[in-house]
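A short worksheet on the structure shown next.
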Amino acid sequence: MAWREPAWFTRPALRFAFQRGIEACGPTARIVRPPRRYPGGFALAVHLDLSDIPEQTVTIVFGHYAPHTPHIYSDGPSESPHRYAEGALCIWYPYDPAEQQWTRRDGPAILLGLIVAHLLKEEWWRLTGEWPGQEAPHHTPEARS
């Protein structure tokens, strides 16, 4: 088996910097145990209390096997045409070019902004039945829509 560079989150300073980058935007965040499907991963629970969406906690998870791809879960309302079967938010189309997706270089504040924008779109969809903004087709088996 070939050597592989350790995941970025194996370094405590990088985990804490990611957490502080989220908290610098206002919400509280705490490191939590990642879900079982992400063994050896890193997870951060972020409490959102915003005026236009229900109060909720989102969990940002990075897995050991894809350490640069965040998986985001919410304990708020789950009705949405843009969630995967296991409940993760579908914030961007997984087959889009890399420049159209979040990368770690973008930083935690940008990721938080994408999450909040997605939750606002979900809330609008629940109220009106319309999805604001662009949509990509969900032809992948793991997406539910």
Side-chain angles (χ1 to χ4, degrees), residues 4-136 138 140-145:
R4 201 164 101 178
E5 183 177 346
W8 67 269
F9 51 78
T10 60
R11 298 180 57 200
L14 295 178
R15 288 194 309 266
F16 293 127
F18 188 86
Q19 179 181 3
R20 297 300 176 248
I22 293 286
E23 291 179 330
C25 299
T28 59
R30 60 188 169 84
I31 294 174
V32 296
R33 178 176 290 197
R36 284 186 170 180
R37 71 175 62 97
Y38 303 103
F42 167 67
L44 193 67
V46 181
H47 181 77
L48 297 176
D49 187 8
L50 306 170
S51 59
D52 293 328
I53 59 174
E55 184 175 342
Q56 58 198 286
T57 298
V58 296
T59 304
I60 303 168
V61 182
F62 293 91
H64 175 71
Y65 297 107
H68 298 288
T69 304
H71 304 272
I72 297 102
Y73 299 88
S74 169
D75 68 356
S78 63
E79 304 80 30
S80 171
H82 293 282
R83 297 228 181 166
Y84 291 103
E86 90 287 357
L89 308 182
C90 179
I91 295 181
W92 52 80
Y93 189 55
Y95 303 106
D96 276 343
E99 62 270 6
Q100 293 179 358
Q101 299 183 40
W102 178 85
T103 65
R104 231 173 47 82
R105 194 175 327 122
D106 296 330
I110 297 294
L111 180 59
L112 183 61
L114 292 168
I115 292 168
V116 170
H118 184 89
L119 294 172
L120 285 165
K121 289 177 182 181
E122 284 188 342
E123 187 63 18
W124 182 260
W125 176 83
R126 284 191 285 277
L127 293 171
T128 68
E130 297 176 17
W131 186 265
Q134 293 183 327
E135 293 184 274
H138 286 139
T140 57
E142 64 274 0
R144 55 170 186 184
S145 65

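The model shown is predicted, which means the values in this text are computed figures rather than measured ones.
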For residues 15-28, run the donor-acceptor check on the side chains, cut-off 3.5 Å, and write out each pair with its distance to 0.1 Å, sequence neighbours left out.
residue : atom : partner : partner atom : Å
R15     : NH1  : F9      : O            : 2.7
Q19     : NE2  : A29     : O            : 2.8
R20     : NH1  : E23     : OE1          : 2.9
E23     : OE2  : A29     : N            : 3.2

Check your understanding: More than 12 foreign heavy atoms under 6.0 Å from CZ of R37: is that the case here?
Key -> yes
Exercise for review: Report yes if some heavy atom in the side chain of Y73 is under 4.5 Å from a heavy atom in the side chain of E86; otherwise report no.
Suggested key: yes
**Study point:** Residues in side-chain hydrogen bond (donor to acceptor under 3.5 Å, both in side chains) contact with W131, at least two apart in sequence or another chain
**Key:** none
Check your understanding: Under 3.5 Å, is there a donor-acceptor pair between the side chain of T128 and the main chain of W124?
Key -> yes
Practice item. May I have the step-by-step check of side-chain contact (heavy atoms from CB on, under 4.5 Å) for I115 and V46, ending in yes or no? Key: CA-CA 11 Å; I115 292 168; V46 181; over 6 Å; no
Check your understanding: What is the distance from atom CH2 of W102 to atom CG of L114, rounded to the nearest 0.5 Å?
Key -> 9.5 Å
Point to revise | Qualifying residues under side-chain contact (heavy atoms from CB on, under 4.5 Å), relative to Q134, sequence neighbours excluded | key: none
Check your understanding: Is the CH2 atom of W125 crowded by more than 12 outside heavy atoms at less than 6.0 Å?
Key -> yes
Can you list, pair by pair, the side-chain donor-acceptor contacts under 3.5 Å of residues 51-65, counting residues two or more places apart and other chains?
residue : atom : partner : partner atom : Å
E55     : OE2  : H47     : NE2          : 2.8
Q56     : OE1  : S74     : OG           : 2.3
Q56     : NE2  : P54     : O            : 2.8

Check your understanding: So which pairs with a foot in residues 106-123 pass salt bridge (charged side-chain N to carboxylate O under 4.0 Å, His left out), sequence neighbours left out?
Key -> R83-E122, E122-R126, E123-R126
**Study point:** Nearest-0.5 Å distance, CZ of residue F42 to CZ of residue R11
**Key:** 13.5 Å
Study note, to complete from the structure: Smallest heavy-atom separation, P6 atom then T10 atom, equals CB-OG1, 3.7 Å
**Study point:** Under the side-chain contact (heavy atoms from CB on, under 4.5 Å) test, residues paired with P97 that sit two or more places apart
**Key:** E99, Q100
Review point. In Å and rounded to the nearest 0.5 Å, what is the CG to NE2 distance from L119 to H82?
Key: 13.0 Å
Exercise for review: For Y93 and Q101, run side chain to side chain donor-acceptor pair (under 3.5 Å): C-alpha distance rounded to whole Å, both residues' side-chain angles, the deciding distance at 0.1 Å, then the answer.
Suggested key: CA-CA 8 Å; Y93 189 55; Q101 299 183 40; over 6 Å; no
